[in-house]
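To find a chain, count down the sequence lines: A is the first, B the second, and so on, and within it residues start at 1.
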Amino acid sequence: MGGGNRFQEPVRISRRRQVRKGEEENEVNESFKSPNLEAERRRREKLHGRLMALRSHVPIVTNMTKASIVEDSITYISELQEEVVNLTEKLHEMEEAPLELDEQQQTDQIIKPEHETIDLKEEMKKLGIEENIQLCKIGERKLWLKITTEKKPGIFTKFMEVMRFMGLEIIDITLTTSCGATLICSSVQILQGLCDGDSVDLEQTKEFLLEVMRSNP
Amino acid sequence: MYEESLCFDPTPMVDAILNNNGGYSESTTAAETGFPVRNQFQPPILVTGNTTNSFNDDLRLPTMEEFSVFPSVVSFPSSEIQNLNDNNHMIQEMIHWSNWDNSGLFMNTSVPNTTTTPTPDLLSLLHLPRRSMPLPSSNVSDILSGSCFTYDPLFHLNLPPQPPLFPSANYDYSGFFLDTNTSQRDQSSAGDENNNAQLDSGIIDFSKKIRRKGRGKQKNKPFTTERERRCHLNDRFEALKLLIPSPTKADRASILQDGIDYIKELQRRVSELKYLVERKKCGGRHNNNNNNSDDCINEDTNDDENIVKKLESDVRDQCSSNNSLRCSWLQRKSKVTEVDVRIVDDEVTIKVFQKKKINCLLVVSKVLDQLHLDLHHVAGGQIGEHYCFLLNTKINEGSTIYASAVANKVIEVVDQHHMAALPINKFLLLG
């Protein structure tokens, strides 16, 4: 019978016994036992706290055991996932099938953006914002540029395309829009291996940029 | 009750055998059998779970003849011994564990005192875990009534539970919490195994009852062993981990935390989608903006249309009177990218954080064009080795874009770009 205990599996219950034993022996062997004890207690409390938090988020119905909490949360998560899928499908269906009354609304929509763009241009003129490009060198391979242009859809994409085309890597960039105008301030770095810093022709680059920004896709 | 005979002390026997002349003073038969020394008293560890009675053939243990030396031990009729010799290894096995009984007793005599016929049953009893041999339960109980088995005969062998024989995974030879419930027996399908179950539970019954120590009823719970309970709980944690999209750590606390966050995210998504669906039903326009709805109602001449539009406007008013701003927040993470999308009313704020220096702005802006998001503000740049950008956009009217779509698309595109861009960068650096 004595041999049996040796082969007892490390059960959680036995761990508790060990812990209690540890507490008793605490005085005897403080430096060794207590740090682990504290850590283990904290770990258990943390786990327990999280389990309770999980439970608070889930509308569980069943028992309050660890296994059932986790199990119920699994059920709930799959329910939520199903619901998300259903709602997404429903939304897509609704989008694809235009309602009859929407047609009038759509025509209204088409009219509106045009109005807006016209307004924007006029605003720009009113405020005296002009299209402008500034470009200067701030380091061996670094350039600084500032672009003021008309706000158009897709202008940022254009700008990024140009940067990539010219082999300029963005160090930082700020883009703001206001009153129908877009302002882009950026410092860029010439990618290594493409060309020497000296040979970049600023004027040419400026003109190229201006042309690109003005063009309509 | 067992007969306490001489404490079987292996060493003197070994020493005796080492006297090469076979002068084993206490037993003449030893010389006859001349069993090899080396293998005789090897510890039972030899017998591992893998071997199915594949005992070392060289291993020869004293047969029953030799046991007759010890006066208190019951000697078997020689005819039986002949039979037993054929199954020598079985005996060896029996002797093995009995030899190494920690109490030092030799032969816990489950060896019956009376007749020989139970003996083969006993031997087959020993083999039950290895072979599915039919065992009449009545004999077993007879044997066990006089047995002193206080432990599972094979426990020290550290056998893993053997599934082919026992369909229920309940059997655990190294554990002592085997419940003797009928549930175990119910679970085992074959008749043989049923007998085995009875037998085993019979053997362990003693020890289990002794060890109960007032731990309370276990019969009401669905699990019979503590191990099962733990396994079940671990399975649950694993299942939860599988459900969560991007688990980073595998420990229980992190799984729980990720689970909580995921549940919250799902709840947000569901509410956002519900809002969108309802808004779509109400006419597809901003319900917060009553002016728009007024514009729509203007052109109607037909009475029917009037009524319909009136109804619609009522519904719209209801929706708008909710006064709920649409808001949602999502995060998506991948190995090198993090995307954070927040939607408030019609403004979408996207934060992209990239751990490697890949110029992702181009692809991001393309995605935004695709999604019909109007870019209002961008700020960001390189921070050390990383890129970080914040983009403020506005949703075009009428678009029913939702947060998860934005986030998923952005992170997908950025990751793709990252995968494509890496070798190119290296090439440029070299060239």
Inter-residue atom distance [X].[atom1] - [Y].[atom2], 0.5 Å rounding:
X	Y	atom1	atom2	result
A:Leu54	B:Tyr262	CG	OH	14.0 Å
B:Gln382	A:Asp172	CD	CG	8.0 Å
A:Lys90	B:Leu276	NZ	CG	12.0 Å
B:Ser365	A:Glu161	OG	CD	7.5 Å
B:Leu256	A:Lys46	CG	NZ	10.5 Å
B:Glu278	A:Leu87	CD	CG	11.0 Å

Which heavy-atom pair separates [X] from [Y] by the least distance, and what is that distance?
X	Y	answer
B:Ile260	A:Ala53	CD1-CB, 3.6 Å
B:Arg252	A:Leu47	CB-CD1, 3.7 Å
B:Arg236	A:Ile74	O-CD1, 3.5 Å

With a 4.5 Å cut-off on side-chain heavy atoms, are [Y] and [X] touching?
X	Y	value
A:Pro153	B:Asp369	no
A:Leu91	B:Leu273	yes
B:Leu233	A:Lys66	yes
A:Gln81	B:Leu266	yes
B:Gln267	A:Tyr76	yes
B:Leu361	A:Phe156	yes
A:Ile77	B:Leu240	yes
B:His376	A:Lys151	yes

Handout entry: Contacting region of B:Phe237 [heavy-atom separation from chain A under 4.5 Å]
Key = both
Problem - Options B:Ala379, B:Gly380, B:Ala239, ranked by heavy-atom pairs under 4.5 Å with chain A, top entry - result: B:Gly380
Exercise for the section: Apply side chain to side chain contact (heavy atoms under 4.5 Å, CB included) to the pair A:Thr182 and B:Leu375, showing each step before the final yes or no. Expected result: CA-CA 10 Å; A:Thr182 305; B:Leu375 196 60; over 6 Å; no
Exercise for the section: Inspect the contact between B:Asp258 and A:Arg50 and indicate whether a charged nitrogen and a carboxylate oxygen are less than 4.0 angstrom apart. Expected result: no
Handout entry: Pair A:Glu83 + B:Lys274, salt bridge at N-O below 4.0 Å
Key = yes
Practice task
Determine yes or no for a side-chain-to-main-chain donor-acceptor pair under 3.5 angstrom, with B:Tyr402 supplying the side chain and A:Thr88 the backbone.
Solution key: no
